[in-house]
Each structure stands twice: as structure tokens, then as C-alpha cells.
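Quick note on labels: first sequence line is chain A, next is B, and so on, each numbered from 1. Not measured: the values here are computed from a predicted model.
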Amino acid sequence: MSGMPILSLVTFLPLLGAIAVALLPSSRPGLLRGTALAVALATFALSLVMMLGIDVRGSEFSLTEQVSWIPAFGITYHLGVDGLSAALVVLTTLLSWICILASFGPIKTRVKEYFISFLILETGMLGVFLSLDLFLFYIFWEIVLVPMYLIIGIWGGAERIYATVKFVLYTLVGSLLMLVAMLATAFSHQVATGSWTGAFDLIALRGTVTDPTLQLVAFSAFALAFAIKVPMFPFHTWLPDAHVQAPTAGSVILAGVLLKLGGYGFIRFAIPLFPQAAHTLAPLMIVLSVIAIIYGALVAIVQTDLKKLIAYSSVSHMGFVTLGIFSFNRQGVDGAILQMLNHGLITSGLFLLVGIGYERTHDREIAKMGGWASRTPVYAALFGFFLFASVGLPGLSGFAGEFLVLLGAFFVNPMIAGAATLVMILAAVYLLWMYQRVFTGPLSPFLKGLGSHLTDVTPTEIITLTPLLVMIVAFGIMPTLLTASFGPSVSQFLLAAFSGVAP
Amino acid sequence: MTDTPLSTAPLLLILPLIGFAFTAAFGRRLGKRAHIVPLVAIAAVWVLAMGLAIPALLGDPALGGEGSSLTLFTWIASGDLIFNVGIHVDGLTGALLLVVTSVGALVHLYSVGYMSHDGSYWRFFAYLNLFMFSMLLLVLADNLLVVFAAWELVGLSSYLLIGFWYTKREPGLASKKAFITNRVGDVGFALGLMGLVAVFGSLDIHTILAGIEAGALTGPAATVIALLVFCGAVGKSAQFPLHVWLPDAMEGPTPVSALIHAATMVNAGVYLVARMSPLFAASHEAMLIVAAIGIFTAIFAASIAFTQTDIKRVLAFSTLSQLGYMFAALGVGAWIPAIFHLITHGFFKGLLFLGSGSVIHAVDGEQEMPKMGGLARKIPITYATMLIGTIAIAGLPPLAGFWSKDEILGEAFKFGFGWVWLVGLLVAGMTAFYMFRLMGMTFWGESRVNPAVHVHESPWTMTLPLVALAVPTIVAGFLLGFPFADGILVHGLKPVFAPANELLGHEHEAWTLFGIDGLLMLASVTIAAIGTAIGIRLFSSDHTQLLSSITTRLRPLYEGSRSRWYFDDLNDLVFVQAGGRVARALWWFDRRVVDGAVNGVGTIASSSGRGLRQIQTGRVQNYALGIAVGLIAMVIVYLMVAA
């Protein structure tokens, strides 16, 4: 620990930015946008400094910050970073500035409130990835909901209220149960040790929950909260509604970061705290994951709305994350984490692209499109790039994660891997069929009717896509850059996941 | 690194990659000069590749025999599992390099002329270089995961090039179909790889093959894994029942058909099985299925080629059929003849496709043979070279096809696969027939070309590759395959296939002219001559009446052949119609049942008491309140405990 509390700085810089934006006059949207972007870029830079500053080979959390907070209950302000959380933090800070830049054009009303919401959202997400105290984690977890609720509910589409209420209630149900489980765990810790010290501390609690009933009940509650967030089948139906109604940047953050909170929660909290229960329920989780993978892809095939198609593809892709995690082996977990990061890069790109198209057409109906590539070749080429990344083309980043997850599943049961591998065909079907209908063939009457409004991508839009594109190529060729940095976290996870579990 | 014989090999990958990246970035601004960088890159690749292929085939101490390897970098690593990117060159690699870079370079040159009028000239060359990179990675890689990656990348280039003319509807459909059909096979391939990882803890080809030789994979596991890997080959090499994509792939520009869909990429499946020959040799069942699929595809596709009228489709079905020959050869354990045929077929089919492109160019884009005829004198270079290609594929001596086809049939017979030999012999006759039908309808008799079209011979950039390909079409068989069973290729490839032959118990026998070998050769030449004679007789001049009386008598067969034995219709019914219904039913289920339950719970909750409804006002401050209440609850818990 050096003198500078860099974890707190990274976490709360966006919040400070939100306060700064709040103090600026609403009458100057340009200034508001510029300030928000500057703050987000500074946070991004700071998170890179943080990442370079950690030593993944050293102790588990190479940077930590701990301050007593509510001593009566042993609750502390405890932040810590390892390779896994560092990668997710950088993904968050990257997507945040990209989203803020991508919102410059589309967001024209209540600009000030929008950027305040967005910056608070960023603090919430970063806090989730850095918290090592259960209570603190819960606070950040819930903070995330509020700005997201506003972003969809105020700047969203026609049915935004229905979508946003569904989103908030659904996730709230899960997280309240999680809160109860946290309290129960803390209470039992206090009973067992006679002291509140460490009752909410992840590191202190790991391996101490021995009561099988508490394990099962608490794990189920945590798992429900995380399963809704991922989302796992059958808790996924809030996602397509939320995605379709959310503004572009909302969709990007939703797919790029919010869904990862669920996967991260499993890896960081639910499984290390309650490993025996996790193993007991693993078969169920694996079956639900495979259903999500195949079912999401099949339903994606018949979608008529571009955004809904991508949303269902997310259900399918995120199924790989949970499948890998509950394989409980090295390849599965490595693959799951890669899949989280790569889904964050690839699907964010696809949502940005759908948004770019929507700006021109104000429509997402696949049937109305056709021959788009002839008018906007660069847009079509970029779309094709992200699409093939999503298909899992080797050489682009999506492949390594999916292959390792399948390998991990194969070690558990070849039949499970066999079923999940079918998605290789289905993903090609839903994505290429969509591409063929939207971009190839003769120009559709609808697109022709748009005339000169149907412009190609602007330089700003290219700036938002370029970092994603570069990283997709780089991590496609050298996924070892990522696996090496979060590898020790995976080793720790597997140790915790097998502690007290009969071999 | 400098003292390895492979120090220049990475350039084979780097040069086309640079060509692709450069052309993709700046090609648009280069206009009609966009071909220079890609063309130079591939020419350099050709020179470098020959520098490796020739020594490898001639049994150079470093590159022949077991070959040489060079590890470049670690691609994917997870725990103990490490997948490296590396290069391996041996005789088999050399054989593939010979075809891939030679045809590749000539197709690049040909495209300068063929695509000269196209607005997206630069894009075409960018894609071609991307393809060359992927294909070379496929044959050079020493790790199956990298082979799989290259496998998908050639699939991508194929997708991009089939769909090159994207403003038309059909290329979009065909490219999608090609990619998806290939993915069906790739699912099997991927699972086969996982099985190999489970058994060997590695996908390094050398490790796996050494393990199989040591007997680490036998019995049903060997059969299952071999057949899973073979699924990938069936897709990429368009074997029955995944053959449906290749005829449609002819929507791509003709140089693409020649390079990717005849001479190189479709050989990838043959290469894969050959490279993993001990894996297949470890399972007699797997070998039998490979042989059966191959020989069935050979006759099935030939029967369709009989009645197609689009010149490129005839050649496409012919390609399926010839690839079937190669798989039949692999399945009976005739490894070297399979690769021999891969080489000769690559040259003569590349020639035939480029020739058909020259024909199409001459008649202003027409591809239907009933609208051609009488072109022999108007485009003499095209005619002469295509005739050479036709004689070669018909299996008439002394051209290249005769040598390799004869070896396949001969070994099939000698290894005890009489049925493969018999069907193969029949297909040889059928091939000669439909190819001379193609020549007759295109070049002989009266012209049926639209009189408004000015028929002209192609520019030198197009005719030069034709002439250049005619040379190996004539001499490659003799050069590589003589003396029989003792030629250059046999020496170059014998070490590669020695482990597989050992597993099969195949021994090398001397070739006997006045014995079984001579008789078999006589049989195949005779049947090829009969097919040729019938073809020439029926199509040398106008025999419309005779032909129509034959087709009338055989109406169901004729219609079945024309409709490709209804296979596309069956696929449409099963996968598109029925599969679409399943997906739509699930979508209904998702909205009505899964989401219906969620909304139902919400409705019940909100209507079950006005008091409770206050919680669900959707106001954020209420949720903040909820969090506060949670805190208070904790305080109460604390007080209770303290008390």
C-alpha cells in the first residue's frame, strides 16, 4: 500500500465528476458533455495506472484499502484489487467513456441529469468490482440500480416505464434476498465467534460457513441475485425488454458491465463463501447454462428487432460464463472470465453499431432493411467485424473464452459440451442471416426512402468503436495477456471453491 | 532461429497478411493499382514456398522425413494446457504448398484481368490475400487448434469472396449457406479436438501422433474422435451430406471458384485426414466410413454433373466428385495416391475453372452452356488449354489425372476394397463423359451465343495463367508419379505415412506391368476411353433429337439429377422450415410462459393489497427507503443479540 488511495480515487472520481456536472449550468450542454467525458477519461487513465501498479503474482489482493466504518457490526470500508477485478474495472472505465462519447449526439434532452446519472452509475459499478466487504458490496450493488433505472426510464424508448420497472423490481427481489442471506451469514459468524469482527468481511468469512443449511439457503439467495443479473434462464426476460427500451449507451453498459456483475458475484462471493452448496447445486446451474446457450440462440434466430436479437444473443453468450464457472476447473473458469471480458467488448460494439444505425433510420425492424452495405460500406464492414467476433471466429477475442469453457465442460461431461457446442451453428445462423437480410442484396425501399440521411459512420463514431476493435484483435491473437493477469485469481478461486468439498 | 531451415517460413504467413492489411487500409485510394502489393506478396510467397516444398518432397535431410518444426508464440494457455502457434514442414506440407502457392499466384495474376472492370477491385485482392494467409496457416500449423483457427479463417475468406457481389441477392444467400453448412461440420471437428485434449492433454500434432503410435488411443474412443474430426473434413471438402454449399458457392467470382472452391480450400479436409492419418488408421470403422462417404460422393456428384447446364456448376459437381475420390483413397489407406490426386486435381481443376472464367468473360457474363457453342475457333487459347484439362480429368494417359486416378483405383483394389474400385471405375467413365459434354456444349457445334455479344479472347493476364497451369496438367503426373509406385512423391511422402501404414499393416509392393497392376490400369483407361467416346459422339455436333429421346425415356432420373436429387429441398424442409417452427415455438414460450410467469407474479403482487402496493410505486426514493429499512433491521438484530 503506497500513500495514495488509488482504489478509492478510481471508484469515487466519477462521483466527484457527477457533483461537478451538477454544479455547471444546464444551459451549456457542450460544457456538460466535455466535463463528463474528461472525468470518464481521467478515471480510465487512473484505472490503467492502478492496473500497472498491481502485482498479480504477489498476495491475493495486491492493493487494498481498509477503514473502519460501522464497527458495531464489524463493517469496514474494505476495497481490494486482484487481476480479475482489475480487468473488470478497466473494462468498466473504458466502456464508460465510450458510452459518454457515444451519447453526445443521441442525448439532447436533460443532458445534465443524464451525465450525472451516468457518472454515478460508473462509481457504483466500480465499487462492486472493488469491494471486499459484503455490506459495502451490497451498497454499491444497489447504487447501480438507481441511475440505470433513470437512464432507461427517462431517455429510453416508448415502453420505457414498463421495461425499467420490470428491470428494477426483478433485480431488487434478488438483491433483497441476498441482503437477508448476508445478514444471516454475519449473524451466524457472530454467534460462532462471539464477535462481530469480520462478520461482513469476505476474506475473514471464507471457509467459516460450515452449517450445511445456511450454506444452501444463503448460496441460493446469492445465486438468485446473480442469476437474475447474468441473466440465467429462466430469469432472463427482463433483459430483452430493458435492452430494447434503453438508449444506446444504456444498452452498452447493461450488456458490457452490468451483466458481468452477476458472473463476478458468483466468482468473488457466492462460491468462495458457500463452496459445498455451490457444488451441490452445480449440476442444476450447468443445465440452466446449457439451456440458456441453446435457447437464447434459437430465440435470437426469429427476432425481428435488431436490438432484441443482440439481447438474446447475450443470454446465449452469458450462458458460457456460468457454464464455465460451474465446471469448477481451470479451463472452465479461465474461459468464463475471458468470455465476460470479451462479451463486454464485442456485444458493446454491436449495441453501439445498432445505435449508430438507429440514429439514421429511427428503426430497428430487420424486415425493413436490406442492401444497407451499398450505401454505407464502412458501417457495414464494422458491423461485419463485430459480428464475426460474436460468432466466435478464431483470431478475434471471442474464440478463446468459448473454447476454454467448452473444454472445461467437456472435462465434466462430454455430452454437455456436445450440446453447448451446437451454438457454433446457431450463432452463425442468427447473426449471418440477420447480416444477409440487413446489409446485402438490393437496397430496400425503406432505406432508399431515407435518401441522403443514410450516411456512413462519423469520425466520432469511429473513435467509439476503435478501442474495442483493437482490443478484440489483440486479445484474439494474445489472450494470454489476459489469462496471465487474472490467472492467480483463478487459482485462488479454485482453492476456495474446493475448500471443505469432498473430492 | 537462424540455423533452422524454417527461418524464412514465417514470411509465408507475414507477407500475405501485410498484403491484406495494406490493401484493406489503402486499396480504395489505389484504384487500378491495388493489385500490385498483393500480387508481389504472393509471388514472393511462391518463391519462398518452392524453396521449402521442393527440398521437402525430394527428401532433403532437414525438411524431408520427419520434417522440421518452429515454435512462434503461445496462443492460448490455461493451467497446464498450452496451445502454441508453430510451423511444421515435411513432405505433406510441401505437397500442399506446391498447389496452394502455385495456383494462388496464378489466380492473383488472372484476377488482374478478370476483375479489371469491377468497382471493388481493391477489396477483391485484399480478400484474396487474407485467404492465402489463412490457407497457408492451415497447412503450416503444427497444432490442431491453430489448424482449426485457420480452418475458420479460410471459411471467413470463402464467405467474403462468395458474397463479393453483395448488392445482388444470390451471393448473400450462397455465402451464408456456405458458412453455416461448414459450421455444422466444425461442431464435430471442435468436439473431436476436445476429445483429443482429454486423451493427450495437448493439441500438438506431433504429440498426438506419437501417442497414437504408442497405442494411447484405440477402440471406440479412437473411432468416435476420428469420425468427429472427419465431420470437419466433410464440411470443408463438401462431402455428402454437407456438399450442398459448394455448388451455390459458384456465385462468387470465377477466380475464387478456381482457387478456393476447386484447387485449395476444399482440399483442406483431405489434408486434415492425411495429416492425422494414424488417428484414422487406429480405427477400421472410421476408415470404412471415410471410404464409403468418399466413394458415394464421387458417384452421387458425378450423376448430378451429367445434367447441369451452368458451366461452373458442372465443374463444381465435378470437384465434389473428385474430392470424393480422394476421400475414398484415404479411407482405403491409399494415402499417397490421395495426395497425388490432390496435387494433379488442384492444377487441372484450377485450369478448368479459370478456363470457364475466360469463356464467361468472352461471352459477356453468360454461364449457361445452352447459350454457348462453337467457341473453339473464337477463343483458341482458352479452348486448347481447357481441352488439356478435360483430357487430364478424364483420366486419359499420359496427362496428370490418369496417373493419380489410376493409382487410387489400383490401390483400392489391391487393399481388398473391390466395391470402392468398381464404383470408382464407373465414376471414371462418368467423369470422362460429362467433361466432354461440357466441352461439346461450350466449344463445338453451332454457336448459340447471343449475336449482339462480341466474342473475344481474354487478355494475357488471363491466358498466361491458363497456359502456365496447362504445363503441370500435362507433366505433373509423369514427373511426380513415374516410375510407378516409386516416383518422387512416393519417396517424399512415405515417411509421413509410415506410422499409419504400420498401424494398417500395409506394405510397400513393387509395381508390375504384366500383372495385376497392368490389368487394373488397362481397365481404367478403357472405361475412360468409353466415357470419352460417348461424350464426343453425343456432343460433338447437334444431336438434339437423340439427346431429347434419351432424356424422355429416363425422365425421372433426368429430373432427379437436374434437381440435385432434391437434397436442397430436403434441407430446406428439415432445417429451415421445421427448425424455424421450433425457434418460433420457443419464442412464443419465452413471451407467454417464462415472461408470462414473471408478469403474473408482478400482477398478483401488486393487486394483493393496497398497503403492499405502496412498495412498488416505482419511485427511487422508496427504494432508498427500503435500503434504510434494511439498515434499521440490522440495528434491531444487533440490539437483540446484545440483549
Side-chain angles (χ1 to χ4, degrees), chain A residues 72-73 139 142 145-146 149-150 161 165-166 168-170 172 176 179 183 187 190 234 236-238 295 298-299 301-303 330-331 334-335 371 373-374 388 393-395 399-400 403-404 406-407 410-411 414 417-418 421-422 424-425 428-429 432-433 436 439-442 477 479-480 483-484, chain B residues 73-81 145-146 148-153 156 159 163 166-169 171-173 175-176 179-180 183-184 186-187 190-191 194-195 197-198 579-580 582-584 586-587 590-591 594-595 597-599 602 616 618 620 623-624 626-627 630 633-635 637-638 641:
Chain A
F73 297 104
I139 299 283
E142 295 291 24
L145 273 188
V146 181
Y149 165 85
L150 297 174
I161 300 300
V165 168
K166 187 169 175 178
V168 169
L169 285 188
Y170 214 143
L172 204 62
L176 284 174
L179 176 63
L183 297 180
F187 188 69
Q190 195 273 340
H236 63 276
T237 53
W238 64 268
Y295 178 94
L298 277 170
V299 175
I301 292 174
V302 291
Q303 294 310 309
R330 182 87 208 189
Q331 286 71 37
D334 271 351
S374 58
F388 270 101
L393 190 79
F399 174 75
F403 180 74
L404 287 176
L406 290 172
L407 206 52
F410 191 92
F411 295 149
T421 308
L422 291 177
M424 275 180 63
I425 307 170
V429 172
L432 293 188
W433 189 34
Q436 176 237 320
F439 288 98
T440 71
I477 298 167
T480 45
T483 45
Chain B
F73 67 99
T74 297
W75 181 29
I76 296 175
S78 174
D80 302 334
L81 286 181
L145 196 64
V146 182
F148 182 79
W151 194 266
E152 297 291 305
L153 289 174
L156 170 71
Y159 171 87
Y166 60 83
T167 52
K168 289 196 290 179
R169 188 175 148 74
L173 292 170
S175 59
K176 179 190 69 179
F179 196 88
I180 292 171
R183 277 249 156 166
V184 175
D186 293 349
V187 165
L191 285 168
M194 292 175 216
V197 175
V582 170
R584 266 186 287 277
L586 282 179
W587 172 219
D590 202 61
R591 276 176 303 162
V594 182
D595 199 32
V598 174
N599 285 338
Q616 302 184 3
V620 179
Y623 301 130
I627 296 166
M634 287 172 56
V635 175
V637 168
Y638 172 70
V641 171

*So which of A:Ile425, A:Leu298, A:Val429, A:Leu406 has the biggest tally of heavy-atom pairs under 4.5 Å with chain B?*
A:Ile425

_Best-contacting candidate, B:Val146, B:Asp186, B:Leu145, against chain A by heavy atom pairs under 4.5 angstrom_ = B:Leu145

*Mind checking whether A:Phe403 and B:Phe148 have side chains closer than 4.5 Å, heavy atoms only?*
no

*Under 6.0 Å between ring centres, would you say that holds for A:Phe399 and B:Trp75?*
yes

_Considering all heavy atoms, the nearest B:Ala77-A:Thr483 contact_ = O-OG1, 3.7 Å

*asked:* Quick check: do B:Leu81 and A:Leu407 have side-chain heavy atoms less than 4.5 Å from each other?
replied: yes

*Just by modelled atom types, is the B:Lys176 backbone N or O under 3.5 Å from a matching donor or acceptor in the A:Gln436 side chain?*
no

*asked:* For chain A, which candidate among B:Ala583, B:Pro171, B:Ala597 shows the most heavy-atom pairs at distances under 4.5 Å?
replied: B:Ala583

*Options A:Gly335, A:Ala484, A:Ala400, A:Pro442, ranked by heavy-atom pairs under 4.5 Å with chain B, top entry*: A:Pro442

_Contact origin within B:Leu173 toward chain A - heavy atom pairs under 4.5 Å_ = both

*chain A heavy atoms under 4.5 Å from B:Val184: which part of the residue, side chain, backbone, both or neither?*
both

*Which atom pair, heavy atoms only, marks the closest approach of B:Thr167 to A:Ser374?*
CG2-CB, 3.7 Å

*Heavy-atom proximity to chain B below 4.5 Å, by part of A:Ile477*: both

*asked:* For B:Leu156, which atoms come within 4.5 Å of any heavy atom of chain A: side chain, backbone, both, or neither?
replied: side chain

*Taking A:Leu404, A:Leu422, A:Ile301 one by one, which has the highest count of heavy-atom pairs under 4.5 Å against chain B?*
A:Leu404

*asked:* Can a donor-acceptor pair be found, under 3.5 Å and without considering hydrogens, that links the side chain of B:Arg183 to the backbone of A:Met424?
replied: yes

*asked:* Assess the residue pair B:Val594 and A:His236 against the criterion (side chain to side chain contact (heavy atoms under 4.5 Å, CB included)); give the C-alpha distance rounded to whole Å, side-chain angles, the decisive distance to 0.1 Å, and a yes or no.
replied: CA-CA 9 Å; B:Val594 182; A:His236 63 276; 4.0 Å; yes

_Closest non-hydrogen atom pair, A:Ala417 against B:Met194_ = CB-SD, 4.2 Å

*Looking only at heavy atoms, what is the nearest atom pair of B:Ala190 and A:Thr421, with distance?*
CB-CG2, 4.3 Å

*Parallel, tilted or perpendicular: which describes the rings of A:Phe388 and B:Phe179, with under 30° parallel and over 60° perpendicular?*
perpendicular

*From A:Gln331 CD over to B:Ser78 OG, what is the distance, rounded to the nearest 0.5 angstrom?*
4.0 Å

*Examine whether an atom of A:Thr480 lies under 4.5 Å from a heavy atom of chain B, and if so say whether it belongs to the side chain, the backbone or both; otherwise answer neither.*
both

*asked:* Measuring from atom OG1 of A:Thr237 to atom CZ of B:Arg591, what distance do you get when rounded to the nearest 0.5 angstrom?
replied: 12.5 Å

_Contact between B:Asp595 and A:Lys166 at the side-chain level, heavy atoms closer than 4.5 Å - yes or no?_
yes

*Provide the closest heavy-atom pair for B:Glu152 versus A:Leu393 in the form atom of the first, atom of the second, distance.*
O-CD1, 3.8 Å

_B:Leu586 and A:Tyr295, any side-chain heavy atoms less than 4.5 Å apart_ = yes

